[in-house]
Amino acid sequence: MIGHRRRTSTSPPEQPGRGSSRRAIRGRRAALAGAGFGLLCLLLTACTGGPQDSLSPAGVYARRADNLFGKVFIIVVIVFVLVEGAIVFFLFKYRERPGQEAPVQIHGHTRAEAIWTIIPAVILAGVAIPTVKLIFDFAKAPPAATRIDVCVTGHQWWWQYVYATKCPAPGTSGTEGTVTTANELHIPVGKPVYLTLNSIDVIHSFWAPKLNGKQDVNPGHTNHMTLEADTPGTYYGQCSQFCGMSHANMRLRVIAQTQGDYDAWLAAEKQPAATPPAGTLEAQGLDLFLHGRNNSGKFPGGQACAGCHTIGGVEGAAGITGPNLTHVYSRQAFAGDTLDMNPENLRLWLTNPPKEKPGSIMPNLGLSNDEITALVAFLQTLH
Amino acid sequence: MATALAEGGIMRRPSAKSGIGSWLTTADHKRVGILYGYTAFFFFLIGGLEALLIRAQLARPNGHVLTANEYNQLFTMHGLTMIFLVVMPLSAALFNYFVPIMIGARDVAFPRLNAFSFWVFLSGGLFLYSSFIFGGAPNGGWFGYAPLTTLQYSPGHGLTFYALGLQMLGIASIASAANFVTTILNLRAPGMTLMRMPVFVWMTLVTSLLLLFAMPVIAVALFQLTFDRLWHSTFYNAVAGGDPLLWQHLFWLFGHPEVYILILPAMGIVSEVLPVFSRKPLFGYSAVVFSGIFIGFMGWGVWAHHMFTVGLGPYANSAFAVSTMFIAVPTGVKIFNWTATLWRGAIRFRTPLLFAVGMVAMFVIGGLSGVTHSLVPSDYEQHDTYYIVAHFHYVLFGGALFGLFAGFYYWFPKVTGRLMNEKIGKLHFWLMLIGFNVTFFPMHLLGLMGQPRRTYIYNANMGWGGYNLTETIGSFLIAFSMLVFIFNWVKSKRSGTIAGPDPWDARTLEWSIPSPPPEHNFDEIPIVKARDDFWHKKYAEDPAGRPVPVPVGAAEATAEGVHDDSEGGAHKIHMPSPSYWPLVAALGLPFLGWGLVFGMLPIIGLGILLMLGGFYGWVFEPLAS
Amino acid sequence: MAVETEAHAEEHATSLGIDNRKLAIWAFLGSECMFFGALIATYLLFHTHLNNGPGPRDVYNIPFTSVSSFVLLMSSLTMVLALAAIQKGDERGLRVWLLATAFLGMTFISGQVYEFTEFFKEGLTLKTSPFGSAFFMLTGFHGAHVTIGILMLLSLFQLSRMGKVPPSDSLKVELVGLYWHFVDVVWIVIFTVVYLIPAAKK
């Protein structure tokens, strides 16, 4: 795949052996199944695949929502079978036959109508009670002592995470000593993670289907939601409120780790970036990063990288328009979590960002081949 | 100007009865209905093409058919088109043609206002589509959430076209709604009490009232957006203290009643078609009518179920969850009553019945998935995914459009005097039903498997490819079924079997007059003695409650009887004269719109002049030619 | 506007016994209630969102607005007198009172123009803050309604001069009157909610 543009294609670890060909066959079978009941049966059995499948939850919140859905779904199927069955049965039973007497002109039946008004109302009342209970349970913040706090800020089109109990105002940087990262949310398993959601521009929606439903990320309103993962793993998600041109390219992943791994990751993230030794290609990249072409502070297509990106421990790299790059090369993917992290993709990205992510705020800087080589070499040191 | 017109009488009222001129100046409710129908169907084809492009792009992971921006424009315009330029005006076409006849009137209360509504609708539609020429169509989704739609995040003109175009369509809707409320309340034939009105007329009344009260709300939101975009007001600018969520509240306060505006007419049609083809009256007429009214009222109390994930807090979410669950009750009542209408009937499998039953069967699926949306924590997962897309296509395509097609097949003989070809009609039905389910059923699965709506690409490793390909195949099957329908329409219109006044042995007044109806509808205004009056003129009931045909000659107003001397009776009746002015006044709006979009004062002036001129011409127009 | 003169009312009695045009105007005014309702709701949401600009208490001149409100209120009285005149068959009286109503309406609009100019000078514009946006949109749309009403009054005046508003056709005056009174009532609500309540809080 070297030199080829490659969208994220890491097969999630908990889904071994789910090839796309098998899914295609299943899709074709669905086409044959045709209308009605057959397809409904499929609904019961088919939805077990895919890294963003909300019906195979991996955390307590998603599971409780799924349980509620599953119970009501049984009622829904019963009602479906009864009503559609009655329609089909009546169509056959009462079709006009030659020589048949004209039907009795029945205008209605008050008792029957009362029954089919009251019974659904009673059923729905029964559904309403657990629903309301769950709404309040979901809205409850976990106790501060047991939870991890993360501040999530939506940007067109990437996610910023600041690991802090007190969130910086949207559009400002995290305070000293906090960890700021992008798109990949690391959490420890078995612990509630309390997200504080804000947007710097338009409305986004944070969604990692296997862990919980979505919450909108609004400018000017702060929202909260809680995630919790049962087992270590990578859980995919993406922005689910239409947020402009590259809405489809605003993805995310939640990496759930054991407490030990998580603590190690957090400690590493807190470290400042290592500065490359002078005279190397990497140092040349850092220089371009900070000062642009020929120390002018800019490139043909825009300002030097440091104008928009922060690198912890590097003086002069404190921009906050783009993602914090302190440990960017330790991430699995970049560019709104759409491109796997590797030198080829970094090169592809730097060549023309708006081509990879239409509408991207990072412009095509007009970098030369050598400049890109130096920058990619430098970025690889940021692990 | 006004004085010259009135006193000098330079401008006589147009009098052409045929040719293009007669269509441009017509004030006849039937011709206005036909104009609505053909225009909306034209937009339906455009909206369908947009859907095919969308499906082509999504057929495979990381598709290359469209760019992100093209995709965003197409799904936005597809939604706007299907809602505002297809389903609403197709319903309006049937309102216009049949409501006056069904209540025994000769026209609507305000014939020229009616023509004005149509021309404004057409102007608004063309204005919206002119955005494609003027630098790009709206690309913010049909509900255009601020602040994405403000100038800062959507530079260019597309969303200004959105704000102004919808405003125009709203004007058309309000004018038409006031007209139909007046017509239905005031022009009923003697004896046509409210509780004798056909259910379709009832649903038209409820729909019109909803339009009347919902449209001004979106008008305010659209004005706010327009002001934000053109004159930098700060309604939706969060940095300046504005509130993007205001847009969502105003939009959905309109938007949910709008959903019922889309579906209630189809429910009315089904309530007409099922009894006729089951040969027995609608089961529980009052329950069907009152559940429709109840849905109309409750429709105002559920808007925030579109906003469960916005963060309104557990109290608001609970209240709206419960109200949403309970709006399912009157909807269920309708479905049960329709099913019971089939019970112990003598069902004739003609194409209108197939579409009506198809509507009920598909709407049940849409209604049931709707109930699952009210499970708020589960809706957190469903919201803004293809599960929602599946839901609203089951209610708006499976519900509204299947119902409208039932209406087309049912009333085609009345409008054209000829029957639609049954064999091709049934082929169309089965193709459309299968195509519809192949396209939209897998969307339920994809939504639950995590595919968000409005995303122009997806990764292969998500496992969505198979279902997406299936859907694309289904969508082309739907497109093919439409070709079959168009073929049938053209062929039947030219050479279909002559229908006669009452081909279905139907129940309501429109079948008591010739097909197509004369311009004045009724030689004599009918006197209504019962619900389904026309049926009772044809049939008495034996002691067991079975219909017995009234002997020929005994009934004074069978279809034949009316038909006899229609020519003789027509001369004394004064019908509304055609008029230029509704068209002139309506034409002012797009010019006003273009002037505002491009900030060109002369064009704005031209638009205002056309409108004022049109209205003054209208007011001072001589009464009769 | 009272434009549909060929309604079917002439042919047979309407089902409700109300003239079609009157019923339609009532329907339209119902629609207008939702329009102003949404505008007022927006204002209530935003009247404290000042974005460091001037607030209601900084700019409102209650005595001035009270006077112009009184002027508009009086125009409803002259409108009633116009209708009473034509119903008594007094076409000249109709024209006098129509002109008076239009004049009072124009006085109100002039007052609004003056008020807007003053607010501009004090730094409150459409762009200043959500409060400014909501204020100008609400009162501006009300002003636009009054202006359309003035146009209708003047058109009626002209029609009457041409002899086209005979006493038998007093309904035309009544319909314009319904609209005018509605616009007036809306102002009473605006004056109370927008001007008086924040002033009372002082």
Side-chain angles (χ1 to χ4, degrees), chain A residues 7 9 20 23-24 26-27 30-31 35 39 46-47 49-50 52-55 65 68-69 72 76 80 83-84 86-87 90 94-96 100 102-105 107-108 113 116-117 120-121 124 128 131-132 134-136 138-139 202-203 209 213-216 219-220 223 240 242 244-245 248 358, chain B residues 68 141 145 147-148 153 238 279-281 283-284 287 309-311 314 317-318 321-322 325 329 332-333 336 339 342-348 361 364 368 375-378 380-381 384 437-438 441-442 445 448-450 452 454-457 459-463 465-467 469-470 545-547:
Chain A
R7 292 275 163 195
S9 56
S20 61
R23 269 177 220 106
R26 205 168 54 198
L39 280 167
C47 279
Q52 286 185 193
D53 184 9
S54 68
L55 298 187
L68 180 64
F69 179 80
V72 176
V76 162
F80 172 83
V83 175
E84 305 281 3
I87 292 171
F90 289 168
Y94 300 112
R95 67 186 184 276
E96 191 178 47
Q100 178 192 14
V104 177
Q105 301 291 295
H107 289 271
E113 291 172 55
W116 66 52
T117 310
L124 286 166
T131 302
V132 170
L134 212 53
I135 292 173
F136 280 89
F138 271 52
V202 302
I203 299 172
K214 58 188 72 66
Q215 262 307 304
D216 286 3
N223 274 345
S240 58
F242 181 65
M245 185 101 85
Chain B
Y145 275 3
L148 178 62
Y153 300 108
R279 306 188 56 69
K280 70 195 258 292
F283 195 93
T309 65
V310 161
N317 279 358
S318 299
V322 171
M325 286 175 188
V329 173
V333 166
F336 297 135
T339 310
L342 299 171
W343 174 64
R344 295 176 72 180
I347 300 164
R348 291 180 303 174
V364 167
L368 289 173
L375 312 169
V376 178
S378 173
Y380 294 157
E381 296 278 14
D384 266 324
N437 281 289
V438 172
F441 197 86
L445 313 180
L448 296 171
M449 289 165 73
R454 299 173 164 176
T455 44
Y456 74 106
I457 46 169
N459 259 358
N461 74 327
M462 286 297 164
Y467 288 135
L469 185 61
T470 310
R546 294 180 195 280

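These numbers were taken from a predicted model, which means no experiment stands behind them. Naming: A, B, ... by sequence-line order, numbering from 1 per chain.
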Chemist: Contact part of A/Phe138 toward chain B, heavy-atom cut-off under 4.5 Å: side chain, backbone, both or neither?
Modeler: side chain
Chemist: Please check this pair: side chain of B/Arg546 against backbone of A/Ala102, looking for a donor-acceptor N/O pair closer than 3.5 Å.
Modeler: yes
Chemist: For the backbone of A/His107 and the side chain of B/Lys280, can you confirm whether one donor and one acceptor N or O come within less than 3.5 Å of each other?
Modeler: no
Chemist: Mind ranking B/Val322, B/Val376, B/Thr455, B/Leu148 by heavy-atom pairs under 4.5 Å with chain A and telling me who comes out on top?
Modeler: B/Leu148
Chemist: Between B/Phe336 and A/Val83, is any pair of side-chain heavy atoms under 4.5 Å apart?
Modeler: yes
Chemist: Checking heavy atoms, do the side chain of B/Ala238, its backbone, both or neither come under 4.5 Å from chain A?
Modeler: side chain
Chemist: Counting only heavy atoms closer than 4.5 Å, note whether B/Val333 contacts chain A via side chain, backbone, both or neither.
Modeler: both
Chemist: Output the option from A/Asp216, A/Asn223, A/Val132, A/Leu124 having the highest count of non-hydrogen pairs under 4.5 Å with chain B.
Modeler: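 Most pairs with chain B among the choices: A/Asp216.
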Chemist: Would you mind telling me which of B/Ala68, B/Ser378, B/Pro281 has the largest number of heavy-atom pairs within less than 4.5 Å of chain A?
Modeler: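 Most heavy-atom pairs within the cutoff with chain A belong to B/Pro281.
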Chemist: For B/Phe283 and A/Trp116, take the angle between the two ring planes, folded into 0 to 90°, and tell me which bin it lands in: parallel under 30, tilted 30 to 60, perpendicular over 60.
Modeler: tilted
Chemist: For A/Gln215, is it the side chain, the backbone, both, or neither that has a heavy atom closer than 4.5 Å to a heavy atom of chain B?
Modeler: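 Both the backbone and the side chain of A/Gln215 come within 4.5 Å of chain B.
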Chemist: Are A/Phe69 and A/Leu55 close enough that some pair of their side-chain heavy atoms sits under 4.5 Å apart?
Modeler: yes
Chemist: Who wins among B/Ser318, B/Gly311, B/Gly141 for the most heavy-atom pairs under 4.5 Å with chain A?
Modeler: B/Ser318
Chemist: Of all of B/Thr339, B/Thr309, B/Val329, B/Val364, which one pairs up most often with chain A through heavy atoms under 4.5 Å apart?
Modeler: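 Top option by heavy-atom pairs under 4.5 Å: B/Thr309.
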Chemist: Under the rule for side chain to side chain donor-acceptor pair (under 3.5 Å), what residues qualify as partners of A/Thr131, not counting sequence neighbours?
Modeler: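 None.
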Chemist: Measuring heavy-atom distances to chain B, does A/Glu84 have an atom under 4.5 Å in its side chain, in its backbone, in both, or in neither?
Modeler: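 Contact with chain B involves the side chain of A/Glu84 alone.
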Chemist: Check whether any side-chain heavy atom of A/Gln52 lies under 4.5 Å from a side-chain heavy atom of B/Met462, and answer yes or no.
Modeler: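 A/Gln52 reaches B/Met462 side chain to side chain.
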Chemist: Short question: side chain of A/Lys214, backbone of A/Ser240 - any donor-acceptor pair under 3.5 Å?
Modeler: no
Chemist: Return the option, out of A/Ala86, A/Ala139, A/Ala121, with the maximum number of heavy-atom pairs under 4.5 Å with chain B.
Modeler: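 The residue among A/Ala86, A/Ala139, A/Ala121 with the greatest pair count is A/Ala121.
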Chemist: Is it the backbone or the side chain of B/Ala361 that comes under 4.5 Å from a heavy atom of chain A, or both, or neither?
Modeler: both
